Number of protein chains: 2
Amino acid sequence: MRTIHTPLPTIRRIPLYLKILEEYEKNGVEWISTTDFSERLRLNPIQIRKDMAFTGITGQPKKGYRVTPLKNIILDFLGWNSPAEAFLVGCGALGSALLGFSGFQKYGLNITTVFDTDRHLVGKKIHGKEVLHLDRFHDLAQHMPVKIGIITVPEANAQQIADLMVDSGIPAIWNFAPAKLTVPPHVVVQREDLTEGLAVLSIRIKETIAR
Amino acid sequence: MRTIHTPLPTIRRIPLYLKILEEYEKNGVEWISTTDFSERLRLNPIQIRKDMAFTGITGQPKKGYRVTPLKNIILDFLGWNSPAEAFLVGCGALGSALLGFSGFQKYGLNITTVFDTDRHLVGKKIHGKEVLHLDRFHDLAQHMPVKIGIITVPEANAQQIADLMVDSGIPAIWNFAPAKLTVPPHVVVQREDLTEGLAVLSIRIKETIAR
DNA sequence: TAGATTGTTAATCGATTAACAATC
DNA sequence: TAGATTGTTAATCGATTAACAATC
């Protein structure tokens, strides 16, 4: 049987819904409708309803969805109810920026340990986390249930770090280096690439100015 | 007449092609075929050929595309041949990370001036750029052909910075704050959102582990 | 009850992939 | 010439949007 899996565009929109739900919850609002979402996000309400269906929530005609249950269903859906432990390698500006992103806790990501090879960084604290030498990575990974390895090193070192993560049994890699990583098929790699966004922005600028 | 514009997925793939082209050029290789691209990027060669067609390049059967002309056509296509001047607001970790991204010069982006309101930052140099007080933004923008405003401030201040950019006549905003900005229709806004990628990663982890 | 909103099936739209002719 | 690769038209696939029935 072929499982119908959730479309990628839907998955990408889900954090947007989550954000609004948190706001509603904070304000003590109990119900939210697709119209509410639609006005805030400027998305088609039908699309939103479809997206909701993928999370498994059921709503109530004339009222919408209950805010708190919907929030919890979404957190469950993404697996964000139980934070995943992550090791981060590369404490340059980008690594520091990610560490400073306090929001990650809310998004099921717990960066427990950070590494670098730079003698000037090792031992220092960044956002309250002591930078450890990369040598200790493998050992520490054996003793902790590390689910995600975050790569924020220069491109030239990215593959080597990925290899280390794979050897240490880490099942998923979030890669911020502009490198195509080679990993075994059972390892998940998610690549973030700013140049994608810059390309889209550039084209949109060109199209706007041309008019 | 309705212009057929380039699909967004194509635009997002183009920087990948560009990167390989630069490598080939550096190595003095004159020709590149869709097969070459395909092997490197693990993309369908037919898709690559379609993408090439959008850039306007014509290739040569049995040989492929000339590396340098293709690179230039792509740079032209994205408007990256003449770097766009950008002002960046918010010199925290993320802003610094962007400033340190030396690659941007290659990608048609020239961050000429950076701003903050924090007294401890103003006057300091970050990656060789002196941090100016935000008060000077509007005036300086009048005297320089600023095309892109980059927002790397906390969410709470993002809209206010966007307003300043719009008032200063900046036609495009690259927004790294997790905020939905309200701007006039003639202003282009490109939003970067890490939680999207984290959501995709989380779902892929769930799917992999479930198996 | 009437009306608003959900939920689902069908239609449309757009991107990817397949097929194949053109050409160096 | 034969074969590899481009370029284009057609087929497929998947996501979005439309239509409408169900229901509180």
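In what follows, chains are A, B, ... by sequence order, proteins preceding strands, each numbered from 1. Bear in mind that the values here come from a model prediction, so they are computed numbers and not experimental data.
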Fill in the blank from the handout: Quick note, A:S33 side chain, CB onward, closest among C:dG7, D:dA4, C:dT6 is C:dT6

Completion exercise
Assert: residue with more 5' nearest nucleotide on DNA chain D, out of B:G64 and B:K50, is B:G64

Fill in the blank from the handout: To the nearest angstrom, the CG-P distance between A:N44 and C:dG7 comes to 16 Å

Practice task
Would you confirm whether B:T113, through its side chain, and B:A86, through its main-chain N or O, come within 3.5 Å as a donor-acceptor pair?
Solution key: no

Practice task
Could you tell me whether B:W174 and B:F104 have their ring centroids closer than 6.0 angstrom?
Solution key: yes

Handout entry: Distance in angstrom units between B:F54 CZ and C:dG14 C1', rounded
Key = 10 Å

Practice task
Using whole Å, report how far CG of B:L8 lies from P of D:dG14.
Solution key: 20 Å

Completion exercise
Considering only heavy side-chain atoms of B:P61, the closest of C:dT16, C:dT5, C:dT23 is C:dT23

Exercise for the section: Please determine, by modelled atom types, if B:N27 and B:E23 share a side-chain donor-acceptor pair under 3.5 angstrom. Expected result: no

Fill in the blank from the handout: A:I48 CD1 to C:dG7 P, in whole Å, measures 13 Å

Problem - side chain to side chain donor-acceptor pair (under 3.5 Å) contacts in which one or both residues fall within residues 75-87 of chain B, not counting sequence neighbours - result: A:S202-B:W80, B:D76-B:N81

Exercise for the section: Please examine the side chains of A:I111 and A:F101, heavy atoms only from C-beta on, and report whether any two atoms are closer than 4.5 Å. Expected result: no

Exercise for the section: Indicate whether the side chain of A:D193 and that of A:T195 have a donor and an acceptor atom separated by less than 3.5 Å. Expected result: yes

Practice task
Specify the separation, in whole Å, of atom CZ of B:R42 and atom C1' of C:dT16.
Solution key: 19 Å

Practice task
Output the single nucleotide from C:dG7, D:dA15, D:dC24 whose closest atom is nearest the side chain of A:P9.
Solution key: D:dA15

Problem - For atom CG of A:D51 and atom C1' of D:dG14, their distance in whole Å - result: 14 Å

Practice task
Determine: side-chain N/O of B:R49 to OP1/OP2 of D:dG7, distance under 4.0 Å, yes or no.
Solution key: no

Handout entry: Rounded distance in Å - CD (A:Q47) to P (C:dA11)
Key = 20 Å

Exercise for the section: Verify the contact: side-chain N or O of B:R13 to OP1 or OP2 of C:dT16, cut-off strictly under 4.0 Å; return yes or no. Expected result: yes

Problem - Of A:K62 and A:T34, the one whose closest DNA chain C nucleotide lies more 5' - result: A:K62

Handout entry: Range-with-range stems for DNA chain D, at least three Watson-Crick or G-U pairs under 3.5 Å
Key = C:3-24 with D:3-24

Exercise for the section: Specify the residue among A:I46 and A:Q60 whose closest nucleotide of DNA chain D lies further upstream toward the 5′ end. Expected result: A:I46

Completion exercise
Here the distance between atom P of C:dT5 and atom CD1 of A:I57, to the nearest Å, is 17 Å

Problem - Between A:Q105 and A:N110: side-chain donor-acceptor atoms closer than 3.5 Å - result: yes

